[in-house]
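Working notes, beginning with the structure itself.
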Amino acid sequence: MDSPLFGEHVFTTVDSEVARYYLDSYLQGERSNRELDKRISGLYGQYRNTIPSREELKGISQEYSVDFASLFLADLLLKNECNNKLNKAFMLHLDNLTIAGVNFSSYMLLFVPGWDYAESGHLTGADFKAPRVMATKLGVENYLVELPPTGSVEQNAEYVAKDIIHHSRAEKGIILAGASSAGPAIHLALAELLSEKERGAVKAWLNIGGILQGSPLIDYYQQWPHSWFFNLAVWDQGWDKDAILSMGTSLSRTRFSRLRIESDLLIINYLGVPLSGQLTKFSIEKYPLLKSEGPNDGLTLLTDAIAPNSMTIVALGSDHYFAEDPEIDKKTIALMALIMTYLEKGITRC
């Protein structure tokens, strides 16, 4: 299937006829199924100024299909005026990968790596090696926050907080970029581990597929008989089981619900929104395990990767494993340039 969507062509299969019609016809402005058109339009009427909750999106998936719900969420996000402008600006930065006109000497990038970055980061991109090299070539001061590679959310948050305090002495605006498991650690550090003055040094947070409300996969592997294989893998790898459980949905959602970031901070999500025909080798077996819960990226539910008081860039066709995107390193730098441009213009909230 090849349909133009959000300014790009979508080459993929979908999971249902209703998703095919929505993608090929409805979103192209063509109305040929009166009954279905009425149902879809009614659905839009329910979400004029908001997006569905996790449970609402699950219900939409059950009534229509998961691919339909994923596309519906993406369209709602992009109908938001701030998100729409942000996504268009991102594409412009991607086409012209420079930071010309931006006072980048006033900023410092802190890259916060993902799970097991020391061992598998070269495969998953969790170590941010390539974006750091590109940032250095562009003359942007940057550092890697050296977390415990397989630490808990709480442990990692302490390291993030300490690095923010340390680097704030340079009196530059700090921009945090964190992927996957780094997301909840950054959220916790900003909300609870820093004073107002210390938090003020951080000007922006780029949340790249952050599992802010945990991964249902961790819950899945706590059930018998999967728990037997999970415990064996944890023992074999020498991991701390409690550290992994800190990223399960129960603890993560409880943590997320209490966290508040009381500052004028620019927060941008880079959200992968895959359709069922666009899964990478890393998510193709995981995505179906989460499908009953609604749209997901192969590790977490899509709505659970959106930070509070934030704007969102929709990466349609990408799943959680962004390293599989051949342009992801270039896109990371374009995102950094975009963030600096927004900060220079004083844009921090929608």
Side-chain angles (χ1 to χ4, degrees), residues 1-6 8 10-80 83-84 209 211-217 219-220 223 249-250 252-253 256-257 269 271-279 283-306 308 312 314-320:
M1 183 179 297
D2 174 12
S3 298
L5 185 63
F6 316 133
E8 298 183 17
V10 180
F11 300 90
T12 186
T13 57
V14 288
D15 63 1
S16 67
E17 278 300 307
V18 68
R20 182 201 61 76
Y21 174 78
Y22 182 56
L23 178 59
D24 278 354
S25 300
Y26 191 93
L27 287 173
Q28 312 308 322
E30 301 173 9
R31 304 289 189 271
S32 58
N33 186 324
R34 182 175 296 179
E35 181 181 348
L36 190 53
D37 292 339
K38 184 177 180 180
R39 290 172 61 197
I40 296 173
S41 296
L43 198 59
Y44 274 98
Q46 297 177 45
Y47 299 102
R48 283 193 176 90
N49 300 307
T50 186
I51 62 171
S53 67
R54 181 195 310 118
E55 288 303 316
E56 289 170 333
L57 206 57
K58 179 180 178 179
I60 293 170
S61 299
Q62 293 170 340
E63 183 176 352
Y64 297 90
S65 80
V66 175
D67 278 348
F68 175 91
S70 296
L71 288 165
F72 182 63
L73 174 64
D75 194 42
L76 288 177
L77 286 168
L78 291 172
K79 284 187 183 307
N80 174 277
N83 289 342
N84 190 279
I211 55 171
L212 303 181
Q213 299 197 57
S215 171
L217 275 180
D219 308 334
Y220 173 83
Q223 303 169 24
T249 61
S250 178
S252 296
R253 288 172 184 171
F256 182 90
S257 67
N269 309 296
L271 181 70
V273 181
L275 300 178
S276 57
Q278 299 174 309
L279 304 173
S283 67
I284 198 164
E285 293 181 354
K286 301 170 184 175
Y287 178 92
L289 300 178
L290 305 184
K291 196 172 181 181
S292 63
E293 296 300 314
N296 69 88
D297 65 4
L299 190 65
T300 192
L301 303 179
L302 298 188
T303 49
D304 287 357
I306 298 175
T312 300
V314 176
L316 190 68
S318 291
D319 59 25
H320 188 81

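Keep in mind that what you see is a predicted model, and the values were worked out from it rather than measured.
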Mind checking what makes side chain to side chain donor-acceptor pair (under 3.5 Å) contact with D297, not counting sequence neighbours? H320

Side chain to side chain contact (heavy atoms under 4.5 Å, CB included) partners for P308, two or more places apart: H187, F256

Mark yes or no for whether E293, through its side chain, and L290, through its backbone, hold a donor-acceptor pair below 3.5 Å. no

Which residues pass the salt bridge (charged side-chain N to carboxylate O under 4.0 Å, His left out) test with R31, not counting sequence neighbours? none

Which residues pass the side chain to side chain donor-acceptor pair (under 3.5 Å) test with S25, sequence neighbours left out? none

Ring pair (Phe, Tyr, Trp, His ring centres under 6.0 Å) partners for Y21, two or more places apart: none

Salt bridge (Lys or Arg N to Asp or Glu O under 4.0 Å) partners of residues 60-73, not counting sequence neighbours, each pair once: R39-E63

Counterpart residues, side chain to side chain donor-acceptor pair (under 3.5 Å), relative to D15 (two or more places apart): S65

Could you go through residues 53-62 and list every donor-acceptor pair under 3.5 Å that involves a side-chain atom there, pairing it with any protein atom two or more places apart or in another chain?
from : atom 1 : to   : atom 2 : distance (Å)
S53  : OG     : E56  : N      : 3.1
S53  : OG     : E56  : OE1    : 3.3
R54  : NE     : D304 : OD1    : 3.0
R54  : NE     : D304 : OD2    : 3.2
R54  : NH2    : Q213 : OE1    : 2.8
R54  : NH2    : D304 : OD1    : 3.2
E56  : OE1    : S53  : N      : 2.8
S61  : OG     : L57  : O      : 2.9

Can you give the donor-acceptor pairs under 3.5 Å from side chains of residues 40-52 to other protein atoms, not counting sequence neighbours?
from : atom 1 : to  : atom 2 : distance (Å)
S41  : OG     : Y26 : OH     : 2.9
S41  : OG     : D37 : O      : 2.9
Y44  : OH     : Y22 : OH     : 2.5
Y44  : OH     : D75 : OD2    : 2.4
R48  : NH1    : G45 : O      : 3.2

For I284, enumerate each residue passing the side chain to side chain contact (heavy atoms under 4.5 Å, CB included) test, keeping only those at least two apart in sequence or located in another chain. L279

So does L77 get a backbone contact from the side chain of N83, meaning a donor-acceptor N/O pair under 3.5 Å? yes

Return the set of residues passing salt bridge (charged side-chain N to carboxylate O under 4.0 Å, His left out) with K38 (not counting sequence neighbours), or none when no residue passes. none

By side chain to side chain donor-acceptor pair (under 3.5 Å), T249 pairs with (sequence neighbours left out) D219

